[in-house]
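Proteins get letters first, then strands, A, B, ... in listed order; numbering begins at 1 in each.
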Amino acid sequence: MGTLLTVKGLSIGFRQYGVMTNVIHGIDLAIQEGERVGIVGESGSGKSLTARSIIRLLPIGAIPTVSKLQFKDLDLQQIPERRMRSVRGSRIGFVAQNPFGALNPVMRVWRQFARLYASHGAAGAKAEWRQRTEEILRSVGLDEAGRVADAYPHELSGGMAQRVVIAMAVALEPELLVADEPTTALDLTVQKRILAVLDRVTHTGTRSLLLVTHDLGVVTELCERVYVMYQGRFVETGPTLSVLRHPQHPYTEMLVNSMPSRLRDIQREPGGPGTPRGAETMSQGCGFAPRCPYAFDRCTIEVPALESRESECLAACFHERLPDRPVGSAMTPRPRA
Amino acid sequence: MAQTDTGPQHANSAVGVAPGEMRSSHVFFFRVREWSGVLLGFAVLGVLVTAALSGPTPYDPLLSDPSSILEAPSGEHPFGTDRNGFDILARTFEAAKTDLLLAIEGIGLALAIGVTVGLFASARGATGEIIMRGLDAFQAFPLVVLSIAVVTLMGNNVENIVFAIAIINFPRFARLVRSQALTLRESLFVQAAVAFGASKTRVLFRHILPNTTELILAQVSIGSAHAIRVIASLTFLGIGVSPPTPTWGAMIRKGSRQVLSGEWWTFLFPGLFVVLTVIAFNLIADGIESRRVQRHGT
Amino acid sequence: MNAREAERSLLSMVGVFKTFLARDGTPFAAVEDLSLEIEAGQTVSLIGESGAGKSTCGKLALGLFAPDSGSVVVDGTEILGLSARAMRRCRGKLGVVFQEPHQSLNPRLTVMRIVAEPLLIHERSLDRKVRSERVRQALDAVELPWAYREKTPRQLSGGEAQRVGIARAIVHNPLLLVLDEPTSSLDLSVQAGVLQLLERIQQNHGLGYLYISHNLPTVRFLGGWTLIMKDGRVVEEGPTSTLLTTPKSEYAQELLGAELSIF
């Protein structure tokens with residue numbers, strides 16, 4: 001399996017009052033063919049920005065710099081926007097959080113597909129396109145493909161609309177599917193079905209997946225490898241189960257310990273009330289140091305780099321091994337004050 | 001995504017500062033640039049008001065000197081003199097007093113009426129709609145006709161200009177206040193207040209009104225710009241103010257008689273001042289509104 | 001349930017029905033035949049997916065709507081048909097925490113003024129010093145520094161804003177809190193702190209909680225009694241610990257089957 005996507009040294013900054021401030025700090029990312037990779041983080045971590053920078057759909061004012069952005073044979077950094085537009089959709093598909101935001105509300109579903117084919121220069125008669133559309137809709141589990149194809153987006157439920165979006169994202173058979181919080185807005189049972197759809201469209205091994213989410217359960221369900229992101233940096237990466245069950249970075253540990261099911265077992269309140277606005281980006285050194293229970297002086301001066309740990313994981317921490325015990329082991333409950 | 005912690009809401013404000021990079025003087029410079037429109041507007045108005053109150057020239061705006069009629073602008077009379085021998089500079093600034101005062105009074109009255117009507121109309125559904133349609137009628141009324149009607153009925157006083165302005169402008173505020181009140185009624189913090197047992201009055205005055213003031217501010221400025229033009233038009237037609245009290249409109253009218261004979265300074269300067277004042281108010285309105293939109297998104 | 005039992009419970013809803021009219025005029029039943037009871041120090045959770053009717057339930061408990069039929073009894077008093085004054089007195093025994101922390105706080109007010117509001121409504125006779133002290137105690141209870149009192153919501157993080165919301169909900173010493181998805185908009189790490197805080201507050205003050213959520217792990221954490229709702233009806237109910245481990249109804253099993261974990 002070859003390498004599908006290589007990102008090296010990605011930084012994204014914003015200019016305010018003439019000064020450039022970075023929100024993503026030189027991250028490296030790689031996805032192999034057929035691999036399913038997740039980026040996990042909380043709000044403000046920069047995970048969405050990272051996903052969007054791969055398809056070059058950044059918000060106004062975002063200034064990216066990258067030393068390498070290679071998608072197979074294409075150097076995504078260099079190609080002109082016109083070319084990039086054809087890459088989006090036909091080689092890299094994108095699914096966002098709000099399906100109704102991605103669908104044109106005044107156009108029926110089949111028309112939106114037709115536009116998609118036309119804009120990518122696909123040849124073919126209208127009848128062919130219609131048939132192909134219905135096939136794809138069926139492949140994402142919309143059995144009443146005909147009815148859905150004739151519908152307007154507002155006539156669909158959230159789950160159905162998201163399936164349509166996924167269908168459109170894979171219609172032109174892209175090699176990579178990027179999904180940014182695709183199930184966050186959906187009910188639990190609907191989420192299960194959508195994740196099954198995502199599983200199906202990427203399972204065959206010919207399509208890779210980059211999934212961005214804040215939900216640890218979701219990333220465990222779909223991704224074999226994960227990057228944990230905090231304040232614009234990857235703090236830990238490795239096989240999903242290793243990273244989440246045996247975290248080797250204090251932030252990952254805190255995140256995992258924050259799951260309500262874990263709260264009874266741990267001794268202290270994880271993380272505190274959260275960092276106050278603005279404070280987190282003003283400190284030097286490791287961004288997590290203010291909240292880290294293991295922080296020492298070096299942590300406030302230098303930023304640790306990702307280094308190898310056990311079980312094919314990498315963690316960015318000056319501690320080679322976390323003093324605490326891994327997730328899942330029993331601990332003495334704290335006596336009630 | 002709906003998560004709200006460690007980071008701000010949208011990427012464009014996702015900035016912190018690297019230590020040592022941002023001095024407060026640096027920020028100040030950019031802040032000033034952001035606010036430049038508003039500052040300029042206030043500066044112009046400030047100069048105008050100060051000059052008007054302190055009287056920039058030794059010449060009395062209400063005393064004419066028959067020996068210096070229609071003199072071109074010079075060191076003595078920077079704006080020249082008019083056909084009655086009045087110093088135009090003095091009169092222009094004196095007129096500022098009248099015009100600005102009338103504008104402020106007019107808009108102030110419009111604000112008072114408009115906010116009251118708006119709040120009242122927001123509290124009741126169907127009646128509120130009827131009131132809004134009534135307001136449409138007010139706004140559709142041609143101003144000049146209305147002013148003439150008012151003057152005919154109530155006499156040719158300066159107060160009537162204030163009433164005319166108030167009547168034309170209050171729907172603007174009423175509409176704004178009502179629509180904002182209706183929107184805020186659905187907001188979560190208003191629902192919270194109700195859930196905690198707040199009375200309708202408390203909700204209206206403690207929660208809805210304070211969140212409406214920002215929106216109104218820009219409209220006050222725009223209304224003032226509008227009012228200045230209205231005052232100029234009405235006084236041009238001779239409504240409301242009698243000589244020798246100077247107003248820009250009346251001065252323009254008097255000066256316009258000199259158009260053919262070429263004494264341009266008699267009508268240009270008052271006209272220029274009308275334009276300047278209107279621009280100043282608009283700059284202020286613009287600045288306030290863009291700041292508000294920047295903060296709230298709509 | 002007899003009258004004496006109803007008096008013991010903080011909130012008692014029996015056979016509550018509520019129907020709304022959809023935009024095209026057809027009626028739809030938001031809540032059908034709901035009954036629940038909350039006692040001091042107890043948490044009763046309502047779980048279900050969107051449209052299940054759990055939020056409507058919360059609003060019925062607060063008296064924001066009147067039920068079409070059935071009774072809602074708060075601390076022994078039936079709230080249907082109460083005068084505005086009596087209703088306000090009743091609301092003095094309740095507190096509410098909403099889902100979106102920043103949207104549930106008035107952006108123009110300071111933390112001090114926001115938290116003090118229930119006192120201004122229900123305990124008007126308090127003088128300023130006493131009121132200030134009560135706000136301070138509430139901020140202490142939610143672990144926010146006193147220095148925060150002059151801040152505005154815009155200056156707070158999501159977790160801090162939600163803590164302010166909780167402080168506001170307890171400052172007037174209510175008997176029962178209605179919590180409508182209080183952690184759903186918060187980051188995982190922040191949610192943890194808020195959950196532990198809610199548990200502590202309940203233990204210290206003996207509050208009853210009506211906890212509305214679609215987030216199963218948080219419901220499990222708070223324990224107590226749970227009702228599973230679907231399309232306005234209660235599909236199954238029982239002690240939280242057993243219900244959310246081995247439910248009997250098909251829908252509940254479906255719900256639990258959809259839950260994901262890292263194990």
Indicate yes or no: does A/K47 engage A/D180 in a salt bridge with an N to O separation below 4.0 Å. no
In terms of side-chain geometry, is the basic nitrogen of A/R225 or A/E35 positioned less than 4.0 Å from the acidic oxygen of its partner? yes
Need one label for [X]: side chain, backbone, both or neither, based on atoms under 4.5 Å from any heavy atom in chain A.
{"X": "C/L255", "value": "both"}
{"X": "C/Q191", "value": "side chain"}
{"X": "C/S261", "value": "backbone"}

Does A/R245 count as lying over the ring of C/F263, i.e. NZ or CZ under 6.0 Å from the six-ring centre, within 45 degrees of the axis? no
Chain C contact via A/V218 - which portion, at a heavy-atom distance below 4.5 Å: both
Please flag which part of A/L186 lies under 4.5 Å from any non-hydrogen atom of chain C: side chain, backbone, both or neither. neither
Could you give all pairs that pass the salt bridge (charged side-chain N to carboxylate O under 4.0 Å, His left out) test and reach residues 188-198 of chain C, with sequence neighbours left out? none
Top contributor to chain C contacts, counting heavy-atom pairs under 4.5 Å, from A/T220, A/L195, A/V190: A/T220
Hey, could you give me the NE2/CD1 distance between C/H214 and C/I212, rounded to the nearest 0.5 Å? 12.5 Å
